[in-house]
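Here is the structure we will look at, set down as structure tokens.
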Amino acid sequence: MESYNPQEIEKKWQQYWEEKKFFQAEDFSLPRRQAGKDQKQYLLLEFPYPSGDGLHVGHCRSYSALDAIVRQKRMAGANVLFPIGWDAFGLPTENYAIKHGVHPSVATEKNIANFKRQLKSLGLSFDWSREINTADPKYYKWTQWIFLKLFEKGLAYQAEIPINWCPACKIGLANEEVVAGNCERCGAPVQRKIQKQWMLKITAYADRLIDDLEKLDFPERVKSQQINWIGKSFGAEVNFPITDSQSSISVFTTRIDTLFGVTAVVLAPEHPLAEKLVTGENKEKVKSYIAEAKKKSDFEREKLEKGSKSGVFTGSFCKHPLTGEEIPIWIGDYVISAYGGGAVMMVPAHDKRDYDFAKKYGLSIKEVVSGGDISKNAFVDYGVLINSEKFNGLKSEEAIEKITKELEKKKLGKKTIQYKLRDWVFSRQHYWGEPMPLIHCEKCGIVPVPEKDLPVELPYIEKYQPTGTSESPLSAISDWVNIKCPKCVGPAKRETDTMPNWAGSNWYFMRYCDPNNNKELADSKKLKYWLPVDWYNGGMEHTTLHLLYSRFIYKFLFDIGVAPQKEPYQKRTSHGIVLAADGRKMSKSFGNIVNPDDIVKKYGADTLRIYEMFMGPFDQAIAWSEDGVRGVSRFLEKVWKKSLVCAENKTSGQDVLRALHKLNKKINEELDLMKFNTIIAGFMEFTNFVQSHQEGVGKDTIEKMLVLLSPFAPHITEELWQKLGHRESIFMEKWPEFSEKMLKKDTITLIIQINGRVRDIIEVKAGISEREAKELTLTRERVKKYLSDKEVKKVIFVAEKLINIVI
RNA sequence: GCCCGAGUGGUGGAAUGGUUUACACGAGUGACUUAAAAUCACUUGAGCGCAAGCUCAUGCGAGUUCGACUCUCGCCUCGGGCACCA
């Protein structure tokens, strides 16, 4: 008998499938086999960033799993779109290029070639004819086009916002490049620097991003994470008039019922009024405090531990809007400038942070909601109001209503809604990204590049190093920067900022529907046919970034008539990461990385695929184990041998057929639930069964088993299929159905319990009645032993399962 | 500090109210072999016992139930996420 040699057969079939174009999706077409049941299925995985490290075994895990689902759906008759492409712009490539003196476009090209080779070696059934690359001008033409539309509709604007600035490297840093407040490259402490940045107004879509989640088939934890991120809260805005001044401080609170407990107002160090309110004696102290706080990066500010909040008194006071009482104005670093106007009313009795702050600086604590013990802790729950003048005795809920009304009447406040969600910083001062298609004209201001001039190509330059001035490297190319204004033909300059890599990944799934269109983003009929994506799998870490951002962009494209629906993805699932054998993350610095190439070379792609599905629950993080890989390799060896041996037999016995239908049922029920690990276990159980019933297993059974296994282990099953005498590919087979009738057995195992403990097990005929079961049970020696003279109080009978005697 | 998960053999895990430990790994014994590897067969939660068998065990403690890994309450530990969100 020929032995199983994956290295030989896998290449062969990969080429065969590619030549036959098996995996190309057909626009509008009926599915291959079930005419009349025109069911399109669009399955998407997050396209990879082609890093220099090559494919990770983590990619293989989710890709193999999705591929199994895709292959099964094709066999069941669906017209499946399963595309792949490259999220090619990004910071790591630029950094790599600078470090090694290789142009980013060259590095990207090389990395893509490597990724492509690796993906192909796994035999994944992508439709390669639709491959896209976000760094290709033909692609980013449309990324720029989307930006122009956002600009046109007023959803792209410029704002002064702080960035992380490394004073030593003289470059702006991404959050990821800031490690514990220091620059990742040189270790210098990161500072904040104000920079003019392009922003996208995602906040305009906040409500819709929450409301439309309802109808989507997303995991609850994904939905709630997005909802919490958007953070819609209902509350009130209150004005505290500043003493001896015309102006007032506006604060936002969700707990207006605690208004009478305010003992200070605290401003963020960046608050525009902060410096103005400082009085003589405190001036120096406050100034240096503000300077210190501003220097701290967001990172440090966010990580301030309990108790380490700091603050300083400005020396100024404001008036309580209802009592007229004098209230001190403080500055505190725990107040976030970007939220709620950068000012809070401090109610130490009923807010934990305020409580800590008041304790630290000896501010008074005034209880206004009864129910707690404020000498020990802040009482944060709702309760009944006290010390609140005419509102005493009201419940918190009612008080919120009435106090808000009172403030509105006196024009000192109003009901408002606040969101945590912030607008999206959309520009980068880097080379390797899409240039923003805008022109700055001295006369006309900001002028969009006319659509006919798109794409604005990224110039190929030798010097893409940072400029040291916090401007993009593009600003140094005067040939490119200086241009005539498209409106007035006067002298003008190009915008030199580029877009973040999110720009390309926001809409890539739309381009797959029509990847070579030169006239528009994609043909509207094709979009209408394929979208929305039926099933999108990806990582949990993208929940509040890519997944949310791309929903926003899709909604925008829907509003301007480009996207066919309100939501891009109908169903979302997420995979767990693959950890190293030591339980840590795989990382170069730990030296614990597993290269999929090595596994494919040693054991074959089918083994790698099955192992990664078998390793554990799909959505959980699991550590790599090469012993586990060997176990799967043994399983495939067994499939190979038993298939060839049993194909000699003509027919199969009843027991074997029952086991086969049981397996078929298991797969049909568990595949969409992504219970790959138990499905593979089911196959192992089946092959073990075959091993012990070898004579009773016929060719019919083996063939059906191979068809069932083919989505999971495509190469070995295709090879065996042909060895068993078939000319057509196994993937042209129709997905098998199981019959419930075949699963029925004549006898069942009845568990006998006494007081809920198992005491005996008997084989009885199926469909046994309670009376029969009881009679049978009471004759058993082992039961009698326990019953002896005791009284039977109760008998619980669960049909086809167990009988429990209570004594 | 807040939010979300998860705790089951030597290990990864299975079981979502009904035989705890499927499947796999590892370990052990035997067969084949000059030998090893590979393969095959058997054993493998812990304790007591010659055995039949009994007792205990799903992080800890209570509770609901004829019956709890599963449901409820309280606690502990680990992992992931985070924007001190007023």
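To find a chain, count down the sequence lines: A is the first, B the second, and so on, and within it residues start at 1.
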Next item on the list: Determine the Euclidean distance between corresponding C1' atoms of B/rA51 and B/rA62; express it in Å to zero decimal places.
Entry: 39 Å
Next item on the list: Please determine, for the side chain of A/Thr678, which listed nucleotide (B/rC56, B/rA14, B/rG18) has the closest atom?
Entry: B/rA14
Margin query: Between A/His350 (side chain only) and A/Thr258 (backbone N and O only), is there a donor and an acceptor less than 3.5 Å apart?
Written below: no
Check: Are OP1 or OP2 of B/rC66 and a side-chain N or O of A/Lys794 less than 4.0 angstrom apart?
Finding: yes
Check: Of all the choices, B/rG13, B/rG81, B/rA83, which nucleotide is nearest to the side chain of A/Gln620 once you look at every atom?
Finding: B/rG13
Notebook entry, point to check: Less than 6.0 Å separating the ring centroids of A/Tyr603 and A/Tyr611?
Noted result: no
Check: Quantified in whole Å, what is the P atom distance between nucleotide B/rG18 and nucleotide B/rC71?
Finding: 11 Å
Note to self: Could you tell me how far B/rC25 sits from B/rA14 if I compare only their C1' atoms? Round to whole Å.
What the structure shows: 15 Å
Check: With respect to the side chain of A/Tyr334, which nucleotide from B/rA86, B/rC84, B/rC54 is positioned closest?
Finding: B/rC84
Note to self: When the C1' atoms of B/rU58 and B/rA46 are compared, how many Å lie between them, rounded to an integer?
What the structure shows: 14 Å
Item checked: Electrostatic pair A/Glu772-A/Lys765, nearest N-O below 4.0 angstrom -> yes
Checklist line | Which residue lies more 5' along RNA chain B, comparing A/Phe614 with A/Gln753 via nearest heavy atoms | finding: A/Gln753
Next item on the list: Take atom C1' in B/rG79 and the same atom in B/rU64, then report the distance between them in whole Å.
Entry: 31 Å
Checklist line | Distance, rounded to the nearest Å, where A/Glu685 contributes CD and B/rA15 contributes P | finding: 12 Å
Margin query: Between the base of B/rC25 and the side chain of A/Asp627, is there a donor and acceptor pair under 3.5 angstrom?
Written below: no
Next item on the list: Can you figure out which of B/rG12, B/rA86, B/rC40 approaches the side chain of A/Ile622 most closely?
Entry: B/rG12
Next item on the list: For the side chain of A/Arg422, starting at C-beta, report the closest nucleotide among B/rG18, B/rA83, B/rA86.
Entry: B/rA83
Note to self: Suppose we define a pair by two distances each less than 3.5 Å, Watson-Crick or G-U wobble; what does B/rC56 pair with here?
What the structure shows: B/rG45
Next item on the list: Among B/rA83, B/rC54, B/rG13, find the nucleotide with the atom closest to the side chain of A/Pro617.
Entry: B/rG13
Notebook entry, point to check: Below 4.0 angstrom, N of the basic side chain to O of the carboxylate: do A/Arg353 and A/Asp356 qualify?
Noted result: no
Check: When we call it a touch if two heavy atoms are under 4.0 Å apart, what does A/Val806 touch: a base, just sugar-phosphate, or nothing?
Finding: sugar-phosphate
Margin query: What is the separation between atom CE on A/Met540 and atom P on B/rC82, rounded to the nearest whole Å?
Written below: 11 Å
Note to self: Between A/Arg771 and A/Glu775 (salt bridge meaning N to carboxylate O under 4.0 Å), is one present in this structure?
What the structure shows: yes
Next item on the list: Among B/rG18, B/rA14, B/rA24, find the nucleotide with the atom closest to the side chain of A/Asn677.
Entry: B/rA14
Notebook entry, point to check: Does a salt bridge link A/Lys232 with A/Asp207, judged by any charged N lying under 4.0 Å from a carboxylate O?
Noted result: yes
Margin query: The side chain of A/Met684 is closest to which nucleotide in this list: B/rC54, B/rC66, B/rC23?
Written below: B/rC23
Check: With a 4.0 Å cut-off on heavy atoms, is A/Thr254 in touch with a base, just the backbone sugar-phosphate, or nothing at all?
Finding: sugar-phosphate
Margin query: Give me the distance, rounded to whole Å, that separates B/rC78 from B/rA83 when you measure between the P atoms they each carry.
Written below: 23 Å
Check: Just how far, in rounded Å, is P of B/rG1 from CZ of A/Arg353?
Finding: 14 Å
Check: Taking the side chain of A/Ala681 as heavy atoms from C-beta outward, which of B/rA83, B/rA86, B/rA22 is closest to it?
Finding: B/rA22
Note to self: If you only use heavy atoms from C-beta on, which nucleotide in B/rC23, B/rA86, B/rU19 is closest to the side chain of A/Val335?
What the structure shows: B/rA86
Item checked: Contact nearer the 5' end of RNA chain B, comparing A/Gly631 with A/Arg782 -> A/Gly631
Next item on the list: Could you give the distance separating B/rA31 and B/rC48 at their P atoms, to the nearest angstrom?
Entry: 30 Å
Next item on the list: Could you go through the side-chain contact (heavy atoms from CB on, under 4.5 Å) check for A/Tyr419 and A/Thr203 one step at a time?
Entry: CA-CA 8 Å; A/Tyr419 299 90; A/Thr203 50; 5.7 Å; no
Next item on the list: Could you tell me the separation between the CG atom of A/Asp619 and the C1' atom of B/rC4, rounded to a whole number of Å?
Entry: 13 Å
Checklist line | Watson-Crick/G-U partner (both atom distances under 3.5 Å) of B/rC78 | finding: B/rG5
Notebook entry, point to check: Are OP1 or OP2 of B/rA83 and a side-chain N or O of A/Asn228 less than 4.0 angstrom apart?
Noted result: no
Check: Taking any strand in view, what nucleotide pairs with B/rA83 in a Watson-Crick or G-U wobble way, both distances under 3.5 Å?
Finding: none
Note to self: Under a 4.0 Å threshold between the charged nitrogen and the carboxylate oxygen, would A/Glu46 count as salt-bridged to A/Arg572?
What the structure shows: yes
Notebook entry, point to check: If pairing requires Watson-Crick or G-U wobble contacts with both distances under 3.5 Å, which nucleotide is the partner of B/rA15?
Noted result: none
Item checked: Length of the line joining A/Tyr603:OH and B/rA38:C1', which is rounded to integer Å -> 14 Å
Notebook entry, point to check: Between A/Glu670 and A/Lys665, does at least one N-O distance fall below 4.0 Å, as a salt bridge requires?
Noted result: no
Next item on the list: Under a 3.5 Å limit for both distances, which nucleotide forms a Watson-Crick or G-U wobble pair with B/rC40, could you say?
Entry: B/rG30
Next item on the list: May I ask you to evaluate whether A/Gln225 reaches the phosphate of B/rG80, defined as a side-chain N or O under 4.0 Å from OP1 or OP2?
Entry: no
Item checked: Pairing partner (Watson-Crick or G-U wobble, both distances under 3.5 angstrom) of B/rU65 -> none
Check: If you look at every strand shown and take non-hydrogen atoms under 4.0 Å, does A/Glu637 touch a base, only sugar-phosphate, or nothing?
Finding: nothing
Note to self: So, OP1 or OP2 of B/rA14: does either fall under 4.0 Å of a side-chain N or O from A/Lys666?
What the structure shows: no
Notebook entry, point to check: Under 4.0 angstrom, heavy atoms only, what part of the nucleic acid is A/Lys420 near: base, sugar-phosphate, or nothing?
Noted result: base
Next item on the list: Starting from P on B/rU55, measure out to CD1 on A/Ile754 and report it in whole angstrom.
Entry: 11 Å
Check: How long is the line joining CG of A/Asp356 and P of B/rC2, in whole Å?
Finding: 11 Å
Notebook entry, point to check: What form does the base of B/rG74 take, syn (within 90° of 0) or anti?
Noted result: anti
Margin query: Strictly below 4.0 Å: does A/Arg634 bring a side-chain N or O up to OP1 or OP2 of B/rC40?
Written below: no
Item checked: Whole-angstrom distance between B/rA57 and B/rG5, as gauged at atom C1' -> 25 Å
Check: Rounded to whole angstrom units, what separation is found between the NZ atom of A/Lys675 and the P atom of B/rG12?
Finding: 20 Å
Check: Got a donor-acceptor pair under 3.5 Å from the side chain of A/Glu541 to the base of B/rG80?
Finding: no
